[in-house]
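All values below come from the heavy atoms of this structure, side chains included, with hydrogens, waters and symmetry mates left out. Bear in mind that the values here come from a model prediction, so they are computed numbers and not experimental data.
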Amino acid sequence: MTAIQRRGRRIMMTPAELDAFLTRQRTCRVATVSPGGRPHVSALWFAWDGTSLWLYSLTRSRRWAELRRDPRLAVVVDAGEEYGELRGVELSGTAVFVGEAPRTGEPCPELAVPEALFARKNFALDEMPHDGRHAWLRLTPDAVASWDFRKLSAL
């Protein structure tokens, strides 16, 4: 069950706005926790399927190692330059590793939709290219907080 946003309800995105925003945006910031408790934030491309955020991560990255040890993560996707244009979403929950790691293209029905979305959005391809260095993480958020400062002018 996704936690309900309490603060900033007047500027939060509607479900349709949130879906459209996550479908259009390309880059997110992924926050993980090191063994010593230090936060680690890295940028990553993603795909949104309407329910889950799909992250295609290097399997030899610090992010991957940290999520293997502790799968809790938070992800921020944001946009806008001027204060009144700022909008974004924070999703948090637990990473789930899906498919082979690293991914070489072995059949995995659960990855058909995210790979098609990711390939179209990021590579303008119909099929996902596999390099044998990346693998998939799925975040079905437990909590979502969004903001759209463009709504401030109406308040």
Side-chain angles (χ1 to χ4, degrees), residues 1-33 39-59 61-64 66-67 71-99 101-103 105 108-131 133-155:
M1 178 173 193
T2 303
I4 297 173
Q5 179 174 341
R6 290 189 172 25
R7 288 188 278 170
R9 288 185 188 181
R10 292 178 297 185
I11 62 167
M12 69 188 273
M13 294 182 194
T14 66
E17 290 168 339
L18 183 74
D19 189 57
F21 181 75
L22 290 173
T23 298
R24 279 192 311 270
Q25 297 301 312
R26 176 182 261 179
T27 305
C28 66
R29 290 161 192 83
V30 179
T32 58
V33 182
H40 173 242
V41 179
S42 56
L44 196 60
W45 282 352
F46 70 92
W48 172 251
D49 69 5
T51 303
S52 298
L53 198 74
W54 292 85
L55 306 165
Y56 198 54
S57 175
L58 284 167
T59 59
S61 66
R62 177 176 169 185
R63 170 185 48 251
W64 188 269
E66 288 175 349
L67 288 170
R72 295 175 299 161
L73 78 158
V75 175
V76 170
V77 181
D78 60 347
E81 296 297 322
E82 300 297 324
Y83 182 81
E85 300 171 345
L86 298 177
R87 61 197 182 283
V89 61
E90 178 189 18
L91 307 109
S92 59
T94 304
V96 174
F97 297 83
V98 180
R103 182 93 172 111
C108 182
E110 189 175 3
L111 292 175
V113 169
E115 286 190 343
L117 292 170
F118 193 92
R120 271 186 237 119
K121 179 172 152 180
N122 296 307
F123 305 124
L125 297 172
D126 291 328
E127 290 186 27
M128 184 73 187
H130 300 288
D131 62 8
R133 300 179 325 149
H134 290 79
W136 287 101
L137 302 164
R138 181 185 67 230
L139 170 61
T140 304
D142 297 328
V144 176
S146 65
W147 58 93
D148 187 342
F149 285 14
R150 298 173 303 176
K151 294 180 179 184
L152 287 172
S153 62
L155 299 180

From [X] [atom1] over to [Y] [atom2], what is the distance, rounded to the nearest 0.5 angstrom?
| X | Y | atom1 | atom2 | result |
| --- | --- | --- | --- | --- |
| His134 | Ser57 | NE2 | OG | 7.0 Å |
| Arg29 | Leu44 | CZ | CG | 11.5 Å |
| Leu117 | Thr23 | CG | OG1 | 8.0 Å |
| Leu55 | Arg63 | CG | CZ | 8.0 Å |
| Leu73 | Leu137 | CG | CG | 7.5 Å |
| Leu22 | Asp49 | CG | CG | 10.5 Å |

Using side-chain hydrogen bond (donor to acceptor under 3.5 Å, both in side chains), reason through Trp147 and Glu90 one step at a time and then give a plain yes or no. CA-CA 9 Å; Trp147 58 93; Glu90 178 189 18; over 6 Å; no
Closest non-hydrogen atom pair between [X] and [Y], with its separation:
| X | Y | value |
| --- | --- | --- |
| Leu139 | Ser92 | CD1-C, 4.0 Å |
| Thr27 | Ala43 | CG2-CB, 4.1 Å |
| Pro141 | Leu91 | CG-CD2, 3.6 Å |
| Leu111 | Gly99 | CD1-CA, 4.1 Å |
| Leu152 | Tyr83 | CD1-CE2, 4.0 Å |
| Ala95 | Leu67 | CB-CD2, 4.2 Å |

Look at atom CD of Glu85 and say whether more than 12 heavy atoms of other residues, nucleotides or ligands are closer to it than 6.0 Å. yes
Tell me whether the count of non-hydrogen atoms from other residues, nucleotides or ligands lying under 6.0 Å of CZ in Arg26 goes above 12. yes
Ring centres of [X] and [Y] under 6.0 Å apart?
| X | Y | value |
| --- | --- | --- |
| Trp48 | Phe118 | no |
| Phe97 | Trp64 | yes |
| Phe46 | Trp54 | no |

Would you check if the side chain of [X] reaches a backbone N or O of [Y] as a donor-acceptor pair within less than 3.5 Å?
| X | Y | value |
| --- | --- | --- |
| Ser146 | Met13 | yes |
| Lys121 | Gln25 | yes |
| Thr59 | Pro102 | no |

If you measure from the Lys or Arg side-chain nitrogens to the Asp or Glu carboxylate oxygens, is any gap between Lys151 and Glu17 under 4.0 Å?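 Here Lys151 pairs with Glu17 in a salt bridge, since their nearest N and O are under 4.0 Å apart.
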Under a 4.0 Å threshold between the charged nitrogen and the carboxylate oxygen, would Asp131 count as salt-bridged to Arg103? no
Is it the case that the side chains of Trp136 and Glu115 hold a donor-acceptor pair, with the cut-off being a distance below 3.5 Å and no angle test?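 Indeed, the side chains of Glu115 and Trp136 share at least one donor-acceptor pair under 3.5 Å.
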Side-chain heavy atoms of Leu18 within contact of Val144, under 4.5 Å: yes
